Amino acid sequence: MQTCIVAECYGNKCVGEYLRNEVRGEVHHKHNFGRDFILQDVAKDFKPRCNRLIVVIDYETSDARILVEKNFRLTRICEKVWVGRGVNELAGVVAVVFDPHIEAFAEWLGLNPGDKLRREEACDYLLSELKKSNNVGAKFENCIKRIAATVRQRL
């Protein structure tokens, strides 16, 4: 059995790649993975195959937030990032949740990603931007370490 990290979009997959080293997991992502699909279908599919399951998703806005609130008990980790432990059918699943989406997290870091985090080259973009500024890179690394520590506690 293994630790599986299932990511909603390319930007979330990139963060999942950073977490992979911290939690010794394997990242899974397909271009058609949406948040609702992950929570309703993929998480159920991966749970039996993985001894530990982490989903990296967006919180979204307005009524769409209810799905995350109903399925996870959340704790704010960094500005724009929550980590939650699943309840009911998602018990045992840990969620890393960007509020309301990965782009807001990038903007909090000081980046202006536009739609770059929704494309395959999201990790290349993020890596190049993190290298440009020590402040942005340090802020990102600090938050990733806090996320990873919280995820490890909840697994």
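In this text, all values refer to a predicted model and were calculated from it rather than measured experimentally.
For A106 against P113, the heavy-atom pair with the smallest separation is CB-CG, 3.7 Å. Scanning both residues, V68 and D58, for their nearest heavy atoms gives CG2-O, 4.2 Å. The minimum heavy-atom distance linking A43 with L90 is given by the pair CB-CD2, 3.6 Å. The minimum heavy-atom distance between I77 and I147, with the atom names listed, is CG2-N, 3.7 Å.
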(message) Working note: E120 + D124, criterion side-chain contact (heavy atoms from CB on, under 4.5 Å); need CA distance, chi angles, decisive distance, verdict.
(response) CA-CA 9 Å; E120 283 187 62; D124 293 337; over 6 Å; no
(request) Might you work through the side-chain contact (heavy atoms from CB on, under 4.5 Å) test for L155 and I54, ending with a clear yes or no? (result) CA-CA 8 Å; L155 285 174; I54 302 163; 3.9 Å; yes
(message) Checking E8 against F37 for the side-chain contact (heavy atoms from CB on, under 4.5 Å) test, could you report, in this order, the C-alpha distance in whole Å, the side-chain angles of both residues, the deciding distance, and whether it holds?
(response) CA-CA 9 Å; E8 172 183 354; F37 181 69; over 6 Å; no
(request) Apply the test side-chain contact (heavy atoms from CB on, under 4.5 Å) to residues V87 and R73: give CA-CA distance (whole Å), side-chain angles for both, the deciding distance (0.1 Å), then the verdict. (result) CA-CA 7 Å; V87 297; R73 298 299 165 253; 3.9 Å; yes
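No side-chain donor-acceptor contact under 3.5 Å links R20 to the backbone of V27. Checked by atom type and distance alone, the side chain of R154 never pairs as donor or acceptor with a backbone atom of R85 at under 3.5 Å. Remark: the backbone N or O of E22 is paired with a side-chain donor or acceptor of R152 at under 3.5 angstrom. Formation of a donor-acceptor pair under 3.5 Å by the N51 side chain with backbone atoms of Q2 is found in this model. Judged by distance alone, with hydrogens and angles left aside, the side-chain atoms of N71 form a donor-acceptor pair with the main-chain N or O of L67 at under 3.5 Å.
Side-chain atoms of E69 and Y59 form a donor-acceptor pair, as typed in the model, at a separation below 3.5 Å.
In this structure, the separation between OG on S128 and NZ on K116 is 9.0 Å, given to the nearest 0.5 Å. The distance from atom CG of L39 to atom CZ of F72, rounded to the nearest 0.5 Å, is 5.0 Å. Rounding to the nearest 0.5 angstrom, the gap separating the CG atom in L126 from the CG atom in L111 is 6.5 Å. Here CD of E121 is found 13.5 Å from CG of L127. Values are rounded to the nearest 0.5 Å. Between the SG atom of C9 and the CG atom of D115 there is a distance of 11.5 Å, given to the nearest 0.5 Å. With rounding to the nearest 0.5 angstrom, the SG atom of C143 is 6.5 Å from the CZ atom of R146.
Following chains of ILVMFWY side-chain contacts shorter than 4.5 Å, one can reach V136 starting from I102, so the two form part of one hydrophobic cluster. Under the 4.5 Å side-chain heavy-atom criterion for Ile, Leu, Val, Met, Phe, Trp and Tyr, Y10 and V15 are members of distinct hydrophobic clusters. Residues L130 and I144 fall within the same hydrophobic cluster, defined by Ile, Leu, Val, Met, Phe, Trp and Tyr side chains chained together at heavy-atom separations under 4.5 Å. Taken together through direct or relayed side-chain contacts under 4.5 Å among Ile, Leu, Val, Met, Phe, Trp and Tyr, V93 and I38 form part of one hydrophobic cluster. Both F105 and L117 belong to a single network of hydrophobic side chains, linked directly or stepwise wherever heavy atoms of I, L, V, M, F, W or Y lie under 4.5 Å apart.
Between K80 and E107 no salt bridge is recorded (no basic side-chain N to carboxylate O distance below 4.0 Å).
With a 4.5 Å cut-off on side-chain heavy atoms, R76 and D99 count as touching. Within the 4.5 Å cutoff, side-chain heavy atoms of P100 are placed close to those of R65. Between F98 and V81, some side-chain heavy-atom pair lies under the 4.5 Å cut-off.
Remark: N21 CG is packed, more than 12 non-hydrogen atoms of other residues, nucleotides or ligands lying under 6.0 Å away. Surrounding CZ of R24 are at most 12 heavy atoms belonging to other residues, nucleotides or ligands under 6.0 Å away. For E89, the CD atom sits in a loose shell: 12 or fewer heavy atoms of surrounding residues, nucleotides or ligands are nearer than 6.0 Å.
Classified by interplanar angle (parallel below 30°, tilted 30° to 60°, perpendicular above 60°), the ring pair F33/F46 is perpendicular.
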